[in-house]
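Each remark here refers to the structure printed beneath this line.
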Amino acid sequence: GAFKVVGVDDRGNTISRRPKFIFIKYLPTAVPTMKRARAGGHKGAIKQIMDAHIDLEIEEPSELNEDVVIQKLRASGGAHQPTSYEFSNYSVGDKTNNEA
């Protein structure tokens with residue numbers, strides 16, 4: 001699966017908002033080893049279509065939270081880091097957030 005986070009860079013007189021796409025591979029520990037291995041092969045095909053900023057591989061839903069995502073985004077970023085991240089109900093083409 002995947003979702004979008006918005007990186008916000010607020011430098012006082014200028015505010016920049018950039019989307020960050022997060023790819024999630026969820027394989028519970030209860031999934032047999034062979035099925036886990038086969039699922040890994042699909043990741044490459046998905047990544048050809050979707051250009052994610054970071055990949056997260058989790059075994060439990062509790063492993064996925066805002067702090068983990070922010071930590072991974074900051075670790076993958078360069079010298080110019082956003083000042084904050086927004087987690088909300090965004091859709092890819094929706095620039096007005098929730099207006100129809």
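What you see is a predicted model, and the numbers here were worked out from it, not measured in a lab.
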- Interatomic distance, CD1@Ile22 vs OH@Tyr85, rounded to 0.5 Å, equals 8.5 Å

- Message: Students often mix this up, so state it plainly: with edges at 30° and 60°, are the rings of His53 and Phe21 parallel, tilted or perpendicular?
- Response: parallel

- Message: Between Phe3 and Val69, is there a side-chain heavy-atom distance shorter than 4.5 Å?
- Response: yes

- Item | Spatial distance of atom CD1 (Ile54) from atom CZ (Phe23) [nearest 0.5 Å] | 12.0 Å

- Message: To the closest 0.5 Å, what do you measure between CZ (Arg11) and CG (Asp9)?
- Response: 4.0 Å

- Message: Please report the interatomic distance CG(Leu64) to CD1(Ile24), rounded to the nearest 0.5 Å.
- Response: 4.5 Å

- Same apolar cluster (I L V M F W Y, side chains within < 4.5 Å links), Leu56/Val31: no

- Message: Please check if the number of heavy atoms outside Gln81 that lie under 6.0 Å from its CD is greater than 12.
- Response: yes

- Query: Does atom NZ of Lys72 have more than 12 heavy-atom neighbours, drawn from other residues, nucleotides or ligands, at distances under 6.0 Å?
  - Reply: no

- At what distance, to the nearest 0.5 angstrom, does CD of Glu66 lie from CD of Glu86? 11.0 Å

- Note on the structure: The side-chain contact (heavy atoms from CB on, under 4.5 Å) partner of Pro32 among Lys35, Met34, Arg36 is Lys35

- Message: With a 3.5 Å distance limit and no angle check, can you tell me whether Thr83 reaches the backbone of Asp10 through a side-chain donor-acceptor pair?
- Response: yes

- Looking at CD of Glu60 and OH of Tyr26, how far apart are the two atoms once the value is rounded to the nearest 0.5 Å? 6.0 Å

- Test log, rule side-chain contact (heavy atoms from CB on, under 4.5 Å), inputs Lys25 and Leu27: CA-CA 6 Å; Lys25 180 177 162 186; Leu27 281 174; 3.4 Å; yes

